[in-house]
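Heads up: the structure comes next, in C-alpha cells.
These numbers come from a predicted model, not from an experiment. Both ligands and their constituent atoms are indexed starting at 1 by order of listing.
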Amino acid sequence: MAIVTPAPVFLITGASTGIGAATARQAREAGWRVVLAARSRERLEALAQELGGAEHALAVTCDVSDWDQQQAMVAATLGAFGRLDAAFANAGFGGPRGFLNDTPEHWREMVLTNVYGAALTIRACIPALKESRGHLLLTSSVAGRRVLPGSMYSCTKHAVTAMGEAARQDLHGSGIRVTLIEPGMVDTPFFEQRPETALEDEDIARAVIYAISQPPHVNVNEILVRPTAQQG
Ligand SMILES: NC(=O)c1ccc[n+]([C@@H]2O[C@H](COP(=O)([O-])OP(=O)(O)OC[C@H]3O[C@@H](n4cnc5c(N)ncnc54)[C@H](OP(=O)(O)O)[C@@H]3O)[C@@H](O)[C@H]2O)c1
C-alpha cells in the first residue's frame with residue numbers, strides 16, 4: 001500500500017496583497033498548503049477560495065502586533081492542517097522619510113508591525129517549526145541593508161535584518177532554516193503612487209520559492225533582489 005505524505009504547510013503573514021499574496025499563489029503551484037494571514041478578512045477569504053478552498057488554503061485574520069492573535073493564528077494552522085513547515089513573517093508597511101514628516105502614532109504602528117510583529121511571528125511559530133524541522137523567512141528590504149535618509153522604515157528593516165541573523169544563530173542545531181528576503185522596489189499597494197521600472201510581486205515570490213525548495217542541508221540565508229533599473 002502506498003504511503004501518502006501530506007502536503008507541507010506554509011504560513012504567510014501579510015498575505016492579503018502584494019508579495020505575500022504572490023508567494024501564496026506560487027507556493028500552491030509548488031504543492032504547498034497555505035495559511036493566509038493579515039487583517040483584511042474579505043481579501044484573505046477570496047484568495048483562499050482562489051487557491052482551492054479549505055483543503056488547500058486557510059484564511060486567518062491576524063493583526064501581527066497582537067500576541068494573542070499570533071498565537072491563535074498558529075493554533076488555527078495546527079487545527080486545520082496538523083503541521084507547520086514554513087513561516088514567512090512578511091507583514092509590514094512604510095511611511096514618509098524625514099524625522100519631522102511622519103506622526104509619532106504612525107511610527108508606533110510601523111515599529112509594532114514591522115519589528116515587534118515579526119518577532120512575535122518567530123516566537124509563535126518556533127515550537128511547530130521545531131517539530132517539522134521547518135523553515136522561517138522574514139521580509140526585510142534593501143532599506144534593511146543601507147540606511148535611507150530620515151527613514152524610520154529603514155530603521156525597522158535594519159531591525160528585521162538583525163532579527164533574521166539573530167534567529168539563525170538561536171535556532172542553530174534545531175534543523176530550522178532561516179532566510180531573509182530583501183527586496184528592492186516592488187510594485188505593490190505598499191506605494192500610494194505605484195512605481196515604474198520596479199519589480200513585480202511575483203519576482204520576489206520566486207525568490208521565496210527558491211529558498212524553500214532547497215534540500216534540508218542547504219540554508220539560503222539572504223536574498224537581495226533589486227530591479228535592474230534601481231541604483232541605490
Ligand atoms: N513594495 C516594496 O517595494 C517593498 C520593498 C522591500 C520590502 N518590502 C516589504 O515587503 C513586505 C510586503 O509588502 P508589499 O510590498 O507586498 O506591500 P502590501 O501589498 O501593502 O502588503 C503588506 C501586507 O502586510 C499586511 N499588514 C500590514 N499591517 C499588518 C498588521 N498589523 N497585521 C497583519 N498584516 C498586516 C497587509 O494586509 P492587511 O492590510 O490586510 O493587514 C498586506 O497583506 C513588507 O514587509 C514590506 O515592508 C516591500
| request: Treat each ILVMFWY residue as a node, draw an edge where side-chain heavy atoms are under 4.5 Å apart, and state whether Ile212 and Leu129 are in one component. | output: no

| message | Please determine whether a side-chain nitrogen of the Lys or Arg among Arg108 and Glu105 lies less than 4.0 Å from a carboxylate oxygen of the Asp or Glu. | response | no

| SB check Glu50 Arg28 (cutoff 4.0 Å) | no

| Which is closest to atom 19 (O) of ligand 1 in terms of heavy atoms, Ile204, Thr13, Thr17, Val160? | Thr17

| field | Single hit among Leu44, Leu58, Val60 for side chain to side chain contact (heavy atoms under 4.5 Å, CB included) with Leu36 | value | Leu44

| task | Check Leu112, Val115, Thr113 against Thr156 for a side chain to side chain contact (heavy atoms under 4.5 Å, CB included) and give me the one that passes. | result | Val115

Taking 4.0 Å as the limit for heavy-atom contacts, which would you say applies to [X] with ligand 1: side chain only, backbone only, both, or neither?
X      : result
Ala15  : backbone
Thr188 : side chain
Ala198 : neither
Thr113 : side chain
Glu109 : neither

Any idea which atoms of ligand 1 are less than 4.0 Å away from a heavy-atom of [X]?
X      : result
Cys62  : 32 (N), 33 (C)
Met185 : 3 (O)
Pro189 : 19 (O), 20 (O)
Phe191 : 1 (N), 2 (C), 3 (O)
Gly18  : 16 (O), 19 (O)
Thr139 : 9 (C), 10 (O), 11 (C)
Gly92  : 22 (C), 24 (O), 44 (C), 45 (O)
Asp63  : 30 (C), 31 (N), 32 (N)

Please check if the number of heavy atoms outside [X] that lie under 6.0 Å from its [atom1] is greater than 12.
X      : atom1 : result
His172 : NE2   : no
Gln230 : CD    : yes
Gln169 : CD    : yes
Tyr210 : OH    : no

Can you tell me if [X] contacts ligand 1 (heavy atom of the residue under 4.0 Å from the ligand)?
X      : answer
Arg43  : no
Gly184 : yes
Asn90  : yes
Ala22  : no

| How far does NE2 of His158 sit from CZ of Arg145, to the nearest 0.5 angstrom? | 9.0 Å

| query | Could you state the interatomic distance from CD (Gln71) to SG (Cys62), rounded to the nearest 0.5 Å? | reply | 10.5 Å

| request: Please write down residue, atom name and distance for the protein heavy atom closest to atom 47 (O) of ligand 1. | output: Tyr153 OH, 2.6 Å

| query | Which protein non-hydrogen atom lies closest to atom 37 (O) of ligand 1, naming both residue and atom, and how far is it? | reply | Ser16 OG, 2.9 Å

Evaluate [X] for polar contact with ligand 1, using N/O atom pairs at a separation under 3.5 Å.
X      : result
Ser65  : no
Val186 : yes
Gly14  : yes
Phe93  : no
Ser40  : yes

| field | Polar contact flag, side-chain donor to acceptor under 3.5 angstrom, Arg83-Ser132 | value | no

| said: Please confirm whether the ring centroid of Trp67 lies under 6.0 Å from the ring centroid of Tyr116. | reply: no

| Angle class for the Trp107/Phe99 ring planes (parallel below 30°, perpendicular above 60°, tilted otherwise)? | perpendicular

